[in-house]
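Let me begin by presenting the structure, written as structure tokens, before commenting on it.
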Amino acid sequence: MDTFNTINGIITLLIFVYALYILPKAIGEIKGVYMEKPDEFFGKFEQDCKWTHGTTYGLGALSYVLIVVILFIWNQISNSLGIVVANVILLIFLLISKYYYDKQKIINATEAYQKNIEDGYIKETEPMPNFEGRLTKLFKKIFKK
């Protein structure tokens, strides 16, 4: 029984670490495309600003508050249905968030790229950003042979 509890605790820890990684990204893509703000303190001047997407400091802070709320919900589910069921429900929620993030990232990056071309921040000859992840590249490399 101790081995089961240890394995379950490690799985729970990994799920929450994954939540710390994916939720700020997924919530950041909700904002859509926005114009960067100049900040002379960090060396970003007005001519360096262009259209971008992703998380901001405010949305990042909001996502960490959401993680605390998810922790309370996970605690209530684990008290009533058990830790395994709570982990499965949380993992399903995180996989849905990851799916949303992947789809919305491509849409927002394409829109930001088009707006940057329209406003003259980048040239049309510059390539569009690549959206393939490390695992996708690895699988293509393995199965190409």
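Side-chain atoms are counted along with the backbone in the values below, which use heavy atoms only and exclude waters and symmetry mates. Nothing here was measured: the structure is a model prediction, and the numbers come from that model.
From Ser80, atom OG reaches atom CG of Asn75 across 9.5 Å, with rounding to the nearest 0.5 Å. Once rounded to the nearest 0.5 Å, the distance linking CG of Asn8 with CG of Leu13 reads 11.5 Å.
With sequence neighbours left out, the side-chain contact (heavy atoms from CB on, under 4.5 Å) criterion links Ile11 to Ile7, Ile15, Asn87. Trp74 is linked by a ring-ring contact (aromatic ring centres under 6.0 Å, His included) to Phe16, counting only residues two or more places apart in sequence or in another chain. The side chain to side chain donor-acceptor pair (under 3.5 Å) check on Ser63 picks up nothing, with sequence neighbours excluded. Residues that satisfy the salt bridge (charged side-chain N to carboxylate O under 4.0 Å, His left out) test with Asp102, not counting sequence neighbours, are Lys98. Lys25 is linked by a side chain to side chain donor-acceptor pair (under 3.5 Å) to Tyr21, counting only residues two or more places apart in sequence or in another chain. With sequence neighbours excluded, no residue satisfies side chain to side chain donor-acceptor pair (under 3.5 Å) with Lys31. By the side chain to side chain donor-acceptor pair (under 3.5 Å) test, Asn116 is found to be paired with no residue, residues two or more places apart in sequence or in another chain being considered.
The residue from Leu90, Val84, Ile83 that alone fulfils the side chain to side chain contact (heavy atoms under 4.5 Å, CB included) condition with Thr12 is Ile83.
Counting non-hydrogen atoms of other residues, nucleotides and ligands closer than 6.0 Å to NZ of Lys105 gives a total above 12. By the 6.0 Å contact criterion, OH on Tyr34 is enclosed, its count of non-hydrogen atoms from other residues, nucleotides or ligands being greater than 12.
A continuous path of Ile, Leu, Val, Met, Phe, Trp and Tyr side chains, each step under 4.5 Å between heavy atoms, connects Leu95 with Leu23, placing both in one hydrophobic cluster. In terms of hydrophobic clustering, with Ile, Leu, Val, Met, Phe, Trp and Tyr side chains grouped at heavy-atom distances under 4.5 Å, Ile96 and Ile77 are assigned to different clusters. In the hydrophobic cluster analysis, where Ile, Leu, Val, Met, Phe, Trp and Tyr join through side-chain heavy atoms closer than 4.5 angstrom, Ile89 is grouped apart from Leu94. Note on Leu20 and Ile22: same hydrophobic cluster, where clusters join Ile, Leu, Val, Met, Phe, Trp and Tyr whose side-chain heavy atoms are under 4.5 Å apart, directly or indirectly.
Screening residues 82-91 for salt bridge (Lys or Arg N to Asp or Glu O under 4.0 Å), with sequence neighbours left out, gives no hits. For residues 67-77, no pair satisfies salt bridge (Lys or Arg N to Asp or Glu O under 4.0 Å), with sequence neighbours left out. The stretch residues 56-83 participates, sequence neighbours left out, in no salt bridge (Lys or Arg N to Asp or Glu O under 4.0 Å) pair at all.
Think of Ile107 as one node in a network of Ile, Leu, Val, Met, Phe, Trp and Tyr side chains linked at under 4.5 Å; it has no links at all.
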Tabulate below the donor-acceptor pairs under 3.5 Å that side-chain atoms of residues 64-73 make, not counting sequence neighbours, or state none.
none

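Taking all atoms of both residues into account, the shortest heavy-atom contact from His53 to Ala109 is NE2-CB, 3.4 Å. Of all heavy-atom pairs between Glu29 and Tyr101, the closest is CG-CD1, 3.6 Å.
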Evaluation steps, side-chain contact (heavy atoms from CB on, under 4.5 Å), between Asn108 and Thr52: CA-CA 8 Å; Asn108 288 342; Thr52 188; over 6 Å; no
